Amino acid sequence: RYLYSPTKDRFEQASKQPWLIMLFIKWTFLDPLVNSPLRRPSISQNEMLELLQKVLDLTETGSLPDEYEDVRLFFRAVAYQQFFHQTESGLVDIARQELLFAKVPENHYFKTRFLNGTGVSIQDFLRLSFAVLASTKKSGPVLQRATLFGLCPAFTPMAVDAYLRTISVEVGDLHRTLEEVDKDGRHPNEYLQQTPFLKFPFIKVRSEYLCVSPHVLERSLGHFIYDYLKRADVDGFNNAFGKSFEKYVGDWLSKSGLPTANESELTLVLPGQGKVVDFIAADGDSNVLIDAKGVEMAQRGMVAFQRGDVRRATQTSLIKAFEQGHEVAARIASMGGDHPVIRQRSSTYLLAITYKELYIGNGVTFAAVVGDAVLEKIRSKYAEQHLIPVENIYFLTIHEFEELMSLVASQKIGLVEALEKAKQADSERMTQKFNFELHIHEWSKQLGREQPLREILKSMVDEMRVAFPAQPETAAQK
């Protein structure tokens, strides 16, 4: 109830430090006495606040900023700990999952694996999640099973029950479930780790489902299918998702209206043998190389205070994209001909698009958090005039890329124009940004903010309004 108590604004809400409350709840249910007849007595809210203060005091035992090999590693760790507790993007993330996972053939790996593992289809899961987010925003943290049946009369009891089992944990099983994932035990950097409640944002107590946190719920449901499928079969999922994510990035790139070529065309046209990126876009006298990396950061890479940990966590993703980009730039420089897209231009940019946040930002930060030596080893293979300046390299989440392509498609800004504006801002300490979304936010003051997934969200609202008209409308207003 403390998390759900009214606040004046999002800053006051963040001051509750919900990331510490999630840790507090985890520790409470890891206590061996939690399922014992000799349970600890109930406590008052003041006693709870005193305990939370003690948890906060213990954070001083963690790694201090000057203990990190680079201060940007500290900022990354804090971002992973806190940022998603301060944003609301659940409905947008559900819309993206609709495009990535539901708009595929019925016999696709995504659909069959998820249905066999959970007992609920991807389509039903996303629509029920839509209803759950709308309900918790309106009615608070307690979800009644009967309420969900009332909200979603179009779904069978079997589907609703399977859905609830998938996103919740029985309170009597919570101690054992947390013990299974609590592999590292108590340690100073535990404060920075992602909460295990992302796997089960509801705790079932008798016939009620208690939401541990509204932001944990949004984050969980917004990426649930990706996370579930990856946990269930990491190799099978990565093979299937890599191709789907590349196509998704290509679809958004095509909305820009810029001349583009894909990996197959690059392989065919470029001289010699070597690695290629997924796409190239021509914008004026500039080449923009784009590589889709449908990855997320491993836990160790999130809280890393040594460059080596981030380097190992990005070896097959961002470092690989860095190498692929330079390989393509060098091969383009050695070719002749008059291909409309694949030809040498005066400047080159490289974008690596990831599914989730890696909190690396641009090439300058990348060199700082993985170590410049590993990048220099790659750059040393190519002539200096063919190198991509680190200031011309950006790492965007798919959400940031969707917004950028929407701005370009609406002709509010050019692609290279946007990259140059970000590059200029990042060159000054007083104007540099932690991630690309902050650049877009700054531009929105003059350009307005695009809502890239508005149409898919609207189509889901329209579809659901037929079954339960009140809730989707409320959600859309939110």
Side-chain angles (χ1 to χ4, degrees), residues 11 14-27 30 51-87 178 181-198 215-216 219 295-319 322 354 356-377 390 393 395 397 426 428-438:
F11 299 106
S15 71
K16 295 177 181 178
Q17 304 201 57
W19 46 92
L20 294 185
I21 296 174
M22 293 300 99
L23 182 60
F24 185 42
I25 295 173
K26 184 181 88 168
W27 284 351
L30 279 171
L51 284 172
L52 282 174
Q53 182 60 50
K54 291 180 179 179
V55 174
L56 176 60
D57 293 342
L58 283 171
T59 61
E60 296 177 6
T61 65
S63 300
L64 299 176
D66 60 359
E67 295 180 75
Y68 287 77
E69 198 168 358
D70 188 281
V71 71
R72 280 163 284 204
L73 293 170
F74 169 74
F75 291 143
R76 289 182 67 254
V78 172
Y80 276 115
Q81 179 197 44
Q82 300 181 14
F83 277 16
F84 81 78
H85 290 280
Q86 302 176 52
T87 58
L178 289 173
V181 298
D182 189 48
K183 301 184 185 304
D184 297 327
R186 311 287 70 77
H187 55 91
N189 286 332
E190 186 179 6
Y191 291 92
L192 298 171
Q193 290 185 339
Q194 299 279 282
T195 175
F197 289 103
L198 288 167
H215 292 97
V216 169
R219 180 69 175 189
V295 297
E296 60 177 335
M297 184 66 70
Q299 181 67 57
R300 186 173 181 179
M302 293 180 188
V303 301
F305 59 92
Q306 296 289 333
R307 293 188 178 102
D309 290 330
V310 181
R311 184 162 59 247
R312 285 183 287 273
T314 59
Q315 187 68 52
T316 60
S317 55
L318 302 193
I319 292 176
F322 184 89
T354 62
K356 289 188 182 181
E357 306 89 345
L358 301 191
Y359 294 125
I360 287 178
N362 61 14
V364 176
T365 301
F366 189 46
V369 298
V370 303
D372 195 53
V374 68
L375 302 187
E376 282 303 316
K377 184 177 180 181
V390 288
I393 300 172
F395 305 97
T397 65
D426 287 339
E428 302 288 340
R429 187 175 296 275
M430 295 300 294
T431 56
Q432 67 184 69
K433 305 292 190 291
F434 183 69
N435 58 17
F436 204 85
E437 185 171 11
L438 293 178

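A quick note: this is a predicted structure, and the numbers were derived from the prediction, not measured. Values below: all heavy atoms of this structure, side chains included; hydrogens, waters and symmetry mates excluded.
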Using a 4.5 Å cut-off on heavy atoms from C-beta on, say whether the side chain of [Y] contacts that of [X].
| X | Y | result |
| --- | --- | --- |
| Arg312 | Asp309 | yes |
| Leu198 | Val216 | yes |
| Val310 | Phe305 | no |
| Asp184 | Glu190 | no |
| Arg219 | Phe197 | no |
| Asp426 | Lys433 | yes |
| Thr354 | Met297 | no |
| Tyr191 | Leu20 | yes |

Check [X] against [Y] and note the closest heavy-atom contact, atom names and distance.
| X | Y | result |
| --- | --- | --- |
| Glu357 | Thr397 | CA-CG2, 3.6 Å |
| Gln194 | Met302 | CG-SD, 3.5 Å |
| Ser317 | Val295 | CB-CG2, 3.9 Å |
| Gly301 | Ala313 | CA-CB, 4.2 Å |
| Val369 | Arg76 | CG1-CD, 4.2 Å |

Any chance you could measure [X], atom [atom1], to [Y], atom [atom2], to the nearest 0.5 Å?
| X | Y | atom1 | atom2 | result |
| --- | --- | --- | --- | --- |
| Leu30 | Ile25 | CG | CD1 | 12.0 Å |
| Leu192 | Thr59 | CG | OG1 | 9.5 Å |
| Gln17 | Leu52 | CD | CG | 9.0 Å |
| Glu67 | Leu73 | CD | CG | 13.0 Å |
| Gln432 | Phe434 | CD | CZ | 11.0 Å |
| Ile360 | Thr365 | CD1 | OG1 | 8.5 Å |

Query raised in the report: Do the side-chain N and O atoms of Asn189 and Gln193 include a donor-acceptor pair separated by under 3.5 angstrom?
Result: no
Requested in this report: Please name the residue in the list Phe75, Phe395, Phe83, Phe436 that meets the ring pair (Phe, Tyr, Trp, His ring centres under 6.0 Å) test with Tyr359.
Outcome: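 Result: among Phe75, Phe395, Phe83, Phe436, Phe83 is the only option passing the ring pair (Phe, Tyr, Trp, His ring centres under 6.0 Å) with Tyr359.
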Requested in this report: Please work out whether the ring planes of Phe322 and Phe366 are parallel, tilted or perpendicular, with thresholds of 30° and 60°.
Outcome: tilted
**Report entry** Residues that Arg72 engages under side chain to side chain donor-acceptor pair (under 3.5 Å), provided they are two or more places apart
**Finding:** Asp70
Query raised in the report: Just by modelled atom types, is the Leu375 backbone N or O under 3.5 Å from a matching donor or acceptor in the Asp372 side chain?
Result: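 Between the backbone of Leu375 and the side chain of Asp372 there is no qualifying donor-acceptor contact (under 3.5 Å).
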Query raised in the report: Is there a donor-acceptor pair closer than 3.5 Å between any side-chain N or O of Glu69 and the backbone N or O of Arg307?
Result: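 Yes; at least one donor-acceptor contact below 3.5 Å.
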